[in-house]
Amino acid sequence: MTSWVKWPGGHPRFGYGADYNPDQWDREVWQEDVALMQKAGVTIVSLGIFMWARVEPENGRFDFSPYDELMDLLHAHGIAVCLATGTASPPPWLVRAHPEVLPVDAAGSVLEFGARQSWCPSSRVFMGYATRLARRIAEHYRDHPALAAWHVSNEYGCHNAHCFCPTSANEFRRWLTQRYGTVDELNRAWGTDFWSQRYASFDQVEPPRLAPTFGNPTQALDFARFSSDELLAQYVAEREVLREVTPGVPVTTNFMVGPNTKWMDYWRWGPEQDLVSNDHYLDESSDEPEVVLAFSADLTRGCARGEPWMLMEQSTSAVNWGRVNTPKVPGQLWRNSLAAVARGADSISYFQWRASAAGAEKFHSAMVPHAGPDSRVFREVCQEGARLAGLTPLLGQRSDNRVAVLFDYQSWWASEQDAHPRQDWRYRDAVLAWYEPLWRSNVGVDVVGPDADLGRYDLVVVPGLYLVTDATATAIADAAERGANVVVTSFSGIVDEDDRVRLGGYPGAFRDLVGVRSEEFVPLRPGQSVTLSDGSTVSSWAEDLTVVDDATTVVLAYASSPGGLLDGKPAVTVRPAGVGRAWYVSADLAADTQRSLLAQVLSEAGIGPVAPWTGALELVRRGDHVIAINHSDGEAEVEVAGHELLTDTPVGPRLVVPAWQTAVVRIG
Amino acid sequence: MTSWVKWPGGHPRFGYGADYNPDQWDREVWQEDVALMQKAGVTIVSLGIFMWARVEPENGRFDFSPYDELMDLLHAHGIAVCLATGTASPPPWLVRAHPEVLPVDAAGSVLEFGARQSWCPSSRVFMGYATRLARRIAEHYRDHPALAAWHVSNEYGCHNAHCFCPTSANEFRRWLTQRYGTVDELNRAWGTDFWSQRYASFDQVEPPRLAPTFGNPTQALDFARFSSDELLAQYVAEREVLREVTPGVPVTTNFMVGPNTKWMDYWRWGPEQDLVSNDHYLDESSDEPEVVLAFSADLTRGCARGEPWMLMEQSTSAVNWGRVNTPKVPGQLWRNSLAAVARGADSISYFQWRASAAGAEKFHSAMVPHAGPDSRVFREVCQEGARLAGLTPLLGQRSDNRVAVLFDYQSWWASEQDAHPRQDWRYRDAVLAWYEPLWRSNVGVDVVGPDADLGRYDLVVVPGLYLVTDATATAIADAAERGANVVVTSFSGIVDEDDRVRLGGYPGAFRDLVGVRSEEFVPLRPGQSVTLSDGSTVSSWAEDLTVVDDATTVVLAYASSPGGLLDGKPAVTVRPAGVGRAWYVSADLAADTQRSLLAQVLSEAGIGPVAPWTGALELVRRGDHVIAINHSDGEAEVEVAGHELLTDTPVGPRLVVPAWQTAVVRIG
Amino acid sequence: MTSWVKWPGGHPRFGYGADYNPDQWDREVWQEDVALMQKAGVTIVSLGIFMWARVEPENGRFDFSPYDELMDLLHAHGIAVCLATGTASPPPWLVRAHPEVLPVDAAGSVLEFGARQSWCPSSRVFMGYATRLARRIAEHYRDHPALAAWHVSNEYGCHNAHCFCPTSANEFRRWLTQRYGTVDELNRAWGTDFWSQRYASFDQVEPPRLAPTFGNPTQALDFARFSSDELLAQYVAEREVLREVTPGVPVTTNFMVGPNTKWMDYWRWGPEQDLVSNDHYLDESSDEPEVVLAFSADLTRGCARGEPWMLMEQSTSAVNWGRVNTPKVPGQLWRNSLAAVARGADSISYFQWRASAAGAEKFHSAMVPHAGPDSRVFREVCQEGARLAGLTPLLGQRSDNRVAVLFDYQSWWASEQDAHPRQDWRYRDAVLAWYEPLWRSNVGVDVVGPDADLGRYDLVVVPGLYLVTDATATAIADAAERGANVVVTSFSGIVDEDDRVRLGGYPGAFRDLVGVRSEEFVPLRPGQSVTLSDGSTVSSWAEDLTVVDDATTVVLAYASSPGGLLDGKPAVTVRPAGVGRAWYVSADLAADTQRSLLAQVLSEAGIGPVAPWTGALELVRRGDHVIAINHSDGEAEVEVAGHELLTDTPVGPRLVVPAWQTAVVRIG
């Protein structure tokens, strides 16, 4: 296990704990806290995330005394600390002394202090104060035995991903100068001849603020890239200070990886972490939040290049920021945690230890709820701590999956701009449309980035990859040539990295690979539909497709369409490509059709599930363990033999998992 | 009758009239106006509400001449005047000379002149000009015989309840300093340790402007309190001038009391009025606007501490500001007015006398519509004037109800903040859910504030009282101890006056009183539901409840719920408390269940309707009168004997009220 | 044919072409372009619409060299040029040197450069630079043989119709001073006595910026008038330069006439054009976009006072700016174009020649799509070019219709303001409700403005003409007196040109003409409805109507209504007026009732269709030609004899038009 937390004492444990915000509570509560933590099996807490205004109550005056006491107290109770640099939110004095630190929205409104993250990602003023604080904290606690890891800032970009202030504008121009070298190259990339936007110098460029109508799409794309880079630069600046002062202590910042967090290109952030950590909250907008949870976990592992990672935050029960915040039902807490462990998490933490009495997050659940430790939630928390302690054999184990789903932030940014074929096209949906049936098939999936090595995969799914570089397109084609089945879906390969259309017919970059050519997108209006040759219905997206390679086979055709535009034309095709095959799916398929097509592809690729099973069971393989989670109210059966860790009993050749229960089997 | 209008001649009459805006019309129209007023039975008009730009056309130059003529004209026709101070909307010269008077919204946009109320509630500049005008008018008309009362400003806070300008910020800091004394106390109350918001001085605090995400909830709550206080201070400043110049003339400003006007804490405003007046418009968003009308009237009477009040504005037919503005149907005008009279109104007025030909309100109905006096509306107006003249015996009579519904503005402000269990929880709905079946049962209700004396009530309903002070919680518990039935509903007692959660389990402040403890809120998503032991369905809100007092009885239990979370747990409970009983209702009940529960509670409390009746009849008791309003197309019957005032005939022992008709019976 | 393009060589051709934006492409593409243009039958292109940043890359430095080459190249291939003045969008250097040129929205936010039309309509700075550029271009190309017409700017007001900056405020005050002379007259017109808005001088007036609530409606109306005038003044300024430098070359700017473009009063713009040109895109919000297309074409012809006009832009297939951008189906391209030709278009052009690879409009279809010339779209483009070449006999021919539908921009502006009887009342719907059944009846319609000569019409439809001047009201009454059937529909005649209500009962200006009087509007809420005497249902709007003239006949009455308000009252009436008749329709009618009423009116007026037909056929008469378009999948038949131009064959006495096909028959 590389770059894992620096456990006091040195022997690795399962991380288990929470954000710990003791500054909200009187000192006598702290004693109860550590006693309850021990009861719950807590091994690590994140301390001090919002402590800036406490530890630096005025410019340059530092006071760590309460935290000294807390660090000692936690250590005395055997609890390691992932210590925050405290820079997630600036203190009042900073924004009053430097109001230019406050972010500005696209319409020019200043975003006031009083929430959190009220700072401009490009602010060098903020960076100066933040790195000064990080240095002081690191110097102060460098030798403290409780210090296990650094937690830099918090959820970068959750609310301040984009700022349109003059400072941001200056840095954007610097960034553009570095990217393009000459303004002529910018003009080429952005297509500024349209709408008379040709710039004579970088000085004339501004961020994509509120404008009379659609702005330049490549300007918006570059601004998204720039913004992610600026936030990352803030992280790197703090990390460099920490590496200098405490070279042996691993550094992380908690990502918010998942299909709903759009603005940080975590593929670029991952390599800058000593260990990857992630926050995941159940997606209330989803019918099956378990699918999204699994996707996010697989994506997090991807950002960690397969290394174990920390689930830094999740909720024990309801969140507070949704429209309707429903509690988790009994047992769900553990099922959610185990799904993350199954996908590489070596640490499970919550926001937060004790539910706040005041402030914006007081109705967010916690390990200790408002009702106190005599509560269902705290009892489940204790149960989870005990269970995790029994899973130590899983620590450090890796996955070895044969299926890759390609996921790219820059394509996401570019594909959801306005003035597109349909404004409600969502990258998230295009990706989950393929991830979900894979999840349901209990096929292990790696979610990989556009620069991933695809060599080890037998199936590579490329859903809705609107923007693709030549290099990535080549890598995908090479994967097929070397023997993989590659599935490219509609609205892929359309533009290059400058958001410039690849001419000659869609899917542009993949046209030769898949051997078809699309003349037009056919997004369907509410009420419109297209029928396929198998009788199924397409309701959102189709394309006007022609086979352009003799070897291409039509798997499904369009049977009827508005105005007959598509009748008889190909809808799904496959073309032999080297040793492999390249599939093209030009339409959003009905669920049954999708499942049947996936079965066909998996069969061609020779890929089966983690283990044969019956009933509604989620099965995941991690190293030499099979994890089983029953998401139904009926029992389920899986063919597996070995040693079940939660009950510490041998099992096999069949294991019955009761309704809603779980199992972790060391095989063999 | 205390503090009622100073009727010219001295003998009290039923107030009947309108806002009168003669400056919109040529002088010849004035003559027609007073003739038509006499025909309609008008006794009082509000004059000069928007006269500022007329009477002070430039800074410091005053010209009252047209109003002199109008005052004389009205007086000559026996019409009293509720004279405006004219300060509802500033004239153009004021905002151009002092642009800092214009309000600023949370995003920093200045709200331009050109509508109405374009002034900042904290502006001392505005206050200076407004009080100067009030003084000049008072001095000018102090001895005019038509002067019956003062009408200060108009609908304070209708459009300018909150201002975020630098002046407001300064005054907010002053207000906070007065409230908290030290910034440490503010930090404690606001819970600023969360999100690093700890202030080092009051200077660092700003209003809750647009921020990157959820702001501090107690900051928002205090800003609401401050804003209501600032508007009230504007009123008090004018009132003080008027009291000084015309000590015998009562002063009022028209409230907009009702379940849709949120931002003025009228419980604090009421005691500052010599007589309470209110504007009420039918609630187009309501299926049963009569219920909302009745609630608003009961609440207005509450603000007037039981004294008679003035219905200062309603509409004769359609309003102009709704989405679809439908006329009132024949007879509705009278039924609406009588419902207000039944609940303590001694005056019924309209906005406005004559429908405007121009401006933003030209499509608002009036006593004289665009079609002129030969119209259905004007005929109904004349009929109402004649009827009111026959109701003089009702003047000054009070109600004597045994049921109190507790209604609190500060709880409203706090409970509808964001980041709560469900964002669409509405205080209005929680309150009307209990007021409506009481109204339908013809049980007389007082709507009372959090500081009310609850001693006289046999039933106290406490719906959704999220924020409650210790004092109010104690008063409610005392009411039960002394013998009342107290009904506490879900999401009550959660926080103290600082919006800090009362820990240990919900309903916090009422946990001991009701003898149950709730661990978690269970708001239900669309499509989710919970079933109760009586087979009924809960669709919006439930709680994870446990009985914590042996004396508590379960009235209804949860039968089935998502994930089984609530199965078998209590839903509605009752606990003996001293001589009385304390009920807890943890869920939003289906209508039938609600009605049946209310019947049980009323029966326990020994409370019956105003009089036995059949058919769809609204029955209200005012003093020794019973008012009956038939809201249906069938006749209805009530057991009552006495003298019917509208027909001037004896009735009894039964009175039949024909479809859509009304009756006013002096009992005995 | 007057004022038509100056064809090189002098012999008129059907215009056929596109916006041509070669600056987006390398020089080698230009050669392919002209070759493909010849293949497609292109005769004219609009060149240089967004060339400003290219031809004036810095202030005062002009470089036309690439355009010199292009003009020569196009001319060498026989293609005429409608040359742009290039002023549609300013270059970056202009807005950076003069940031005050950027528009400002009602809330005070500056609209940044980076989209298009980022200039304030009142900016004299912009006008100075724009006219300088126009002069330089005119002087440079005055003698070029390819120059056929001038295309000034582009789609004026598409995104910058209103600006609220200080410059706009100054010019608005100047405009108001000119309109009203004295501020007292402004006060009278605007009704400023309401809400204390009386201005002491023009200096106190500002544009209708964001305000606390509803602003003054006449202020908003005047600001709309002013804004349209300011944009027109920008056009006129450029046109004057062009007329001076190239007196023989006709000047146009492309309108966006149709029921969705609200803010330019094209009745005032039409007379300023040497030839009228229009952009029309299929209306994705419409179930029957062909109806809207026909309406827009008839309205464009109205703006051109019956003269032939240019369809300057439409799309070959999908647009890019809708919510869901569906391609046109096979054959639709031609059917749409022919519908415009049938209504007076002598030129059909597209946006744009070649689909962009980059920029905000890259997903807008073009004559040459991304897929290239080997595509369905380009094949249909070539087919259309060939067909238009065969329609030369139609050039210059005019329509001779007997039905007028009155359409007024100022009434539109006034009628859709807030604080009206129903906020969702839409002028567009009121007009199309009558245009659509006329279209379906194949009755030729002129869409005319409020100042039109109505003398030639036998039927004048006046739908929802909320605002009407005395002069227009008189002209409409005169039309009836002289023998026409006049149909006035609900919410007509309500206010004068100052948006001041015409008192005494609705429909105000038309009360005497139609002989009825309405006391109240009865807009219906969702769920409410009114039944008519024919059993049909009214769901949106009714009125409380009384007959006030003995000669008025009730055609349809209200049968039942909420609260019985309308029961038995008139709904549709007719009154003899001189030699003609005046109908009043007080409600929105169900489709069948509407159709049957229209049939009755047409019969009274003695008006029949273009020709007898069966099946779903659109028939239009232009000069001595009948154009037939089959919009259905079944064949249709029309009684017509003559020579069919597309097939160059004689036809008659019956012509069968196959499914989806078209015909153009020269009669006789």
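Heavy atoms only: backbone and side chains are in, while hydrogens, waters and symmetry mates are out. So you know, we letter chains A, B, ... as the sequences are listed, proteins then strands, and number each from 1.
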Participant: Over 60° means perpendicular and under 30° means parallel, so tell me whether C:Phe491 and B:Phe363 are parallel, tilted or perpendicular.
Facilitator: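 C:Phe491 vs B:Phe363 ring planes: tilted.
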
Participant: Are there residues of residues 162-175 of chain C whose heavy atoms fall under 4.5 Å of chain B's heavy atoms? If so, which?
Facilitator: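 The list, in residue order, is empty: none.
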
Participant: Report the residues that fulfil salt bridge (charged side-chain N to carboxylate O under 4.0 Å, His left out) with B:Arg116, sequence neighbours left out, ordered by chain and then residue number.
Facilitator: B:Glu155

Participant: Relative to chain B, which segment of C:Pro421 carries a heavy atom at a distance below 4.5 Å: side chain, backbone, both, or neither?
Facilitator: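 Its backbone and side chain both get close to chain B.
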
Participant: With no hydrogens and no angle check, is any side-chain donor or acceptor of C:Ser196 less than 3.5 Å from a backbone partner on B:Met51?
Facilitator: no

Participant: In terms of heavy-atom proximity below 4.5 Å to chain C, should B:Trp25 be classed as side chain, backbone, both, or neither?
Facilitator: side chain

Participant: Could you check whether C:Glu520 and B:Ser317, counting side-chain N and O atoms only, form a donor-acceptor pair closer than 3.5 Å?
Facilitator: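 Yes - a donor-acceptor pair under 3.5 Å links their side chains.
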
Participant: Would you call the rings of C:Tyr199 and B:Phe113 parallel, tilted or perpendicular, taking 30° and 60° as the class edges?
Facilitator: perpendicular

Participant: For B:Asp374, is it the side chain, the backbone, both or neither that has a heavy atom under 4.5 Å from a heavy atom of chain C?
Facilitator: both

Participant: Could you look at B:Arg323 and say if it's the side chain, the backbone, both or neither that has a heavy atom under 4.5 Å from chain C?
Facilitator: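 For B:Arg323, heavy atoms of backbone and side chain both lie under 4.5 Å from chain C.
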
Participant: Sequence neighbours excluded, which residues qualify as side chain to side chain donor-acceptor pair (under 3.5 Å) partners of B:Glu69?
Facilitator: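 Residues passing side chain to side chain donor-acceptor pair (under 3.5 Å) with B:Glu69: B:Arg27.
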
Participant: Report the distance from atom CD of C:Gln528 to atom OG1 of B:Thr326, rounding to the nearest 0.5 Å.
Facilitator: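 Here the interatomic distance stands at 4.5 Å.
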
Participant: Heavy atom to heavy atom, less than 4.5 Å: which residues from residues 55-66 of chain B reach chain C?
Facilitator: B:Pro57

Participant: For B:Pro103 versus C:Pro212, what's the shortest heavy-atom pair and its separation?
Facilitator: CG-CG, 4.5 Å

Participant: Given that the side chain runs from C-beta out, which part of B:Gln332 has a heavy atom under 4.5 Å from chain C: side chain, backbone, both or neither?
Facilitator: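 Neither; nothing under 4.5 Å.
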
Participant: Determine the option with the most heavy-atom pairs under 4.5 angstrom with chain B, choosing from C:Arg209, C:Glu519, C:Arg502.
Facilitator: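 Of the options given, most contacts go to C:Glu519.
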
